[in-house]
J.: 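What follows is a structure written as structure tokens; I'll ask about it next.
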Amino acid sequence: QVQLVESGGGLVQPGGSLRVSCAASGNIFSINTMGWYRQAPGKERELVASITSGGNINYADSVKGRFTISRDNSKNTVYLQMNSLKPEDTAVYYCNTYGVYTRGGYAPRNYWGQGTEVTVSS
């Protein structure tokens, strides 16, 4: 069973930086796409950034130029470096993977982490 464990959330002042990490485990050989979504109170969950195993990256317009996604395939870990944070970035950030190869075969489905809270406030 694939599990995703996030870390690194917290409280930061506007203009500050924060890095969140997500480690996937569960006899994983490789992962097609890893990414981050977020959900603010009263809003729908939205894509923040994603990165494929080949290095193709996609960002939401609202975070372009401020956030950087990266991954370490040897550790099955994805990172999100968040700079110039704004109060509107406040949300629960969820790690996501799609297309995971494990010892049991290929699973064309999404896996989600439990979420880590990011609060941007003075």
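What you see is a predicted model, and the numbers here were worked out from it, not measured in a lab.
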J.: Just list the side-chain donor-acceptor pairs under 3.5 Å for residues 114-122, sequence neighbours left out, or say none.
T.:
| unit_1 | atom_1 | unit_2 | atom_2 | d |
| --- | --- | --- | --- | --- |
| Gln114 | NE2 | Glu6 | OE1 | 3.3 |
| Thr116 | OG1 | Gly9 | N | 3.3 |

J.: Please step through side-chain contact (heavy atoms from CB on, under 4.5 Å) for the pair Tyr111 and Asn96, ending with a clear verdict.
T.: CA-CA 6 Å; Tyr111 290 96; Asn96 169 270; over 6 Å; no

J.: Donor-acceptor pairs under 3.5 Å, side chain of residues 72-87 to any protein atom, not counting sequence neighbours: which ones?
T.:
| unit_1 | atom_1 | unit_2 | atom_2 | d |
| --- | --- | --- | --- | --- |
| Asp72 | OD1 | Ser74 | N | 3.0 |
| Asp72 | OD1 | Ser74 | OG | 2.5 |
| Asp72 | OD1 | Lys75 | N | 3.4 |
| Asn73 | OD1 | Arg71 | NE | 2.6 |
| Asn73 | OD1 | Arg71 | NH2 | 3.1 |
| Thr77 | OG1 | Lys75 | O | 2.9 |
| Gln81 | NE2 | Asn83 | OD1 | 2.9 |
| Asn83 | OD1 | Ser17 | OG | 2.9 |

J.: Let's go through Arg45 and Arg38 carefully: what are the C-alpha distance in whole Å and the side-chain angles of both, what is the deciding distance for side-chain contact (heavy atoms from CB on, under 4.5 Å) to 0.1 Å, and is it a yes or a no?
T.: CA-CA 5 Å; Arg45 191 173 297 189; Arg38 68 185 180 187; over 6 Å; no

J.: Apply side-chain contact (heavy atoms from CB on, under 4.5 Å) to Thr52 and Tyr98, showing your working.
T.: CA-CA 9 Å; Thr52 68; Tyr98 181 82; over 6 Å; no

J.: Linking I/L/V/M/F/W/Y whenever any side-chain heavy atoms sit under 4.5 Å apart, do Val2 and Met34 land together?
T.: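 In one cluster: yes.
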
J.: Would you say the side chain of Tyr94 lies within less than 4.5 Å of the side chain of Leu4, judging by non-hydrogen atoms?
T.: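 In short, these two side chains do not touch, never coming nearer than 4.5 Å.
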
J.: Before giving the answer on side-chain contact (heavy atoms from CB on, under 4.5 Å), spell out for Val100 and Arg109 the whole-Å C-alpha distance, their side-chain angles and the decisive distance to 0.1 Å.
T.: CA-CA 8 Å; Val100 182; Arg109 54 156 288 184; over 6 Å; no

J.: Output every pair passing ring-ring contact (aromatic ring centres under 6.0 Å, His included) with a member in residues 20-63, not counting sequence neighbours, ordered by first then second residue.
T.: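 Every pair satisfying ring-ring contact (aromatic ring centres under 6.0 Å, His included) with a residue in residues 20-63: Tyr37-Trp112.
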
J.: Is Tyr101 close to Ile31 at the side-chain level, that is, under 4.5 Å between some pair of heavy atoms?
T.: no

J.: Has Glu44 got more than 12 heavy atoms of other residues, nucleotides or ligands less than 6.0 Å from its CD?
T.: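 It does not: Glu44 CD has 12 such atoms or fewer within range.
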
J.: Do Leu47 and Val92 belong to the same hydrophobic cluster, where Ile, Leu, Val, Met, Phe, Trp and Tyr are linked whenever their side-chain heavy atoms lie under 4.5 Å apart, directly or via other members?
T.: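 Linked within one cluster.
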
J.: Among Asn58, Ile57, Asn56, which residue meets the side-chain contact (heavy atoms from CB on, under 4.5 Å) test with Ile51?
T.: Ile57

J.: Looking only at non-hydrogen atoms, find the nearest pair between Ser50 and Thr33 and report the distance.
T.: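 In this case the closest contact between Ser50 and Thr33 is CB-CG2, 4.1 Å.
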
